[in-house]
Amino acid sequence: MPAGFSFWSFDLAYRYMDTAEYDCTEAQVSGCAGVELFSAAGCPAGITVTMDIFDDADTNLGTIGGKSDPVAAGTSVKLVIGGDTTSAAATSASIKDLTC
C-alpha cells in the first residue's frame with residue numbers, strides 16, 4: 001500500500017484528496033469529495049465508492065457514490081464524487097464502501 005493511503009481491504013486502499021487537488025462541478029450543489037483509490041491486484045471495471053456526506057453539525061445529509069476509471073494492478077486513480085441534492089451544503093464526507 002502506498003504511503004499516505006488508508007487500508008480498506010486486502011486489495012484496496014484510499015486517501016482523501018486535499019481540496020486544492022480537485023473542484024466540484026456546478027451539478028454537485030451539495031458538495032463533492034475527492035478520493036484517490038489504490039488497487040494492488042487491479043480493478044479492470046473500476047472501483048465503486050459510496051460515501052456519506054455531512055453538514056457542519058455532523059448531520060448525515062445522505063449518500064453519494066461514483067465509479068472510477070479502470071485501475072491497473074499496483075496503481076491508483078483519482079475520483080471526485082458529489083451529490084445533486086439541495087438540502088444543505090455538505091462540509092465533510094466519509095467512505096462507506098469500496099468495491100472492485
Side-chain angles (χ1 to χ4, degrees):
M1 175 172 37
F5 281 72
S6 298
F7 175 83
W8 182 263
S9 67
F10 72 95
D11 181 43
L12 301 175
Y14 69 93
R15 78 167 182 89
Y16 294 106
M17 292 166 41
D18 186 273
T19 55
E21 295 180 77
Y22 65 92
D23 293 311
C24 296
T25 67
E26 288 183 22
Q28 296 167 326
V29 294
S30 66
C32 68
V35 291
E36 187 170 3
L37 308 162
F38 172 83
S39 174
C43 293
I47 299 172
T48 301
V49 180
T50 305
M51 301 178 86
D52 286 328
I53 55 172
F54 303 91
D55 65 12
D56 283 334
D58 281 338
T59 302
N60 188 322
L61 303 175
T63 302
I64 58 176
K67 188 171 187 175
S68 76
D69 291 333
V71 184
T75 67
S76 64
V77 64
K78 293 181 179 180
L79 178 66
V80 177
I81 59 176
D84 58 2
T85 64
T86 56
S87 59
T91 57
S92 65
S94 177
I95 290 180
K96 187 175 184 176
D97 192 36
L98 293 178
T99 55
C100 181

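By convention here, the first residue in the shown sequence is residue 1.
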Quiz prompt | Check: Y16 and S94 side chains under 4.5 Å, non-hydrogen atoms | solution = yes
Quiz item: Are any non-hydrogen side-chain atoms of L79 and V77 less than 4.5 angstrom apart?
Solution: no
Practice problem: State, to 0.1 Å, how close A33 and Y22 come at their nearest heavy-atom pair, and which atoms those are. | Solution: CA-OH, 3.7 Å
Quiz item: Is the shortest heavy-atom distance from the side chain of E36 to the side chain of F5 under 4.5 Å?
Solution: yes
Exercise. Check the hydrophobic clustering (I, L, V, M, F, W, Y; side-chain heavy atoms under 4.5 Å; chains of links allowed) and say if L98 and I53 are grouped together.
Key: yes
Self-check item: Distance, nearest 0.5 Å, that separates CZ of F54 from CG of L61
Solution: 8.5 Å
Quiz item: Between K67 (side chain) and A45 (backbone), is there a donor-acceptor pair under 3.5 Å?
Solution: yes
Quiz prompt | Closest non-hydrogen atom pair between G42 and C100, with its separation | solution = O-SG, 3.6 Å
Practice problem: Please check if atom CZ in F10 has more than 12 non-hydrogen atoms from other residues, nucleotides or ligands closer than 6.0 Å. | Solution: no
Quiz item: Heavy atoms, side chains only, cut-off 4.5 Å: are V49 and L37 in contact?
Solution: yes
Quiz item: Nearest heavy-atom pair of L12 and C43: which atoms, and what distance?
Solution: CD2-SG, 3.9 Å
Exercise. Ignoring hydrogens and angles, tell me if any N or O in the side chain of D11 forms a donor-acceptor pair with the backbone of S39 under 3.5 Å.
Key: no
Quiz item: Hey, what do you get for CE (M1) to CZ (F7), rounding to the nearest 0.5 Å?
Solution: 7.0 Å
Quiz prompt | Residue among V71, D69, V35 satisfying side chain to side chain contact (heavy atoms under 4.5 Å, CB included) with I47 | solution = V71
Quiz item: Nearest heavy-atom pair of R15 and G4: which atoms, and what distance?
Solution: CB-O, 3.4 Å
Self-check item: Any side-chain heavy-atom pair of I95 and S6 under 4.5 Å
Solution: no
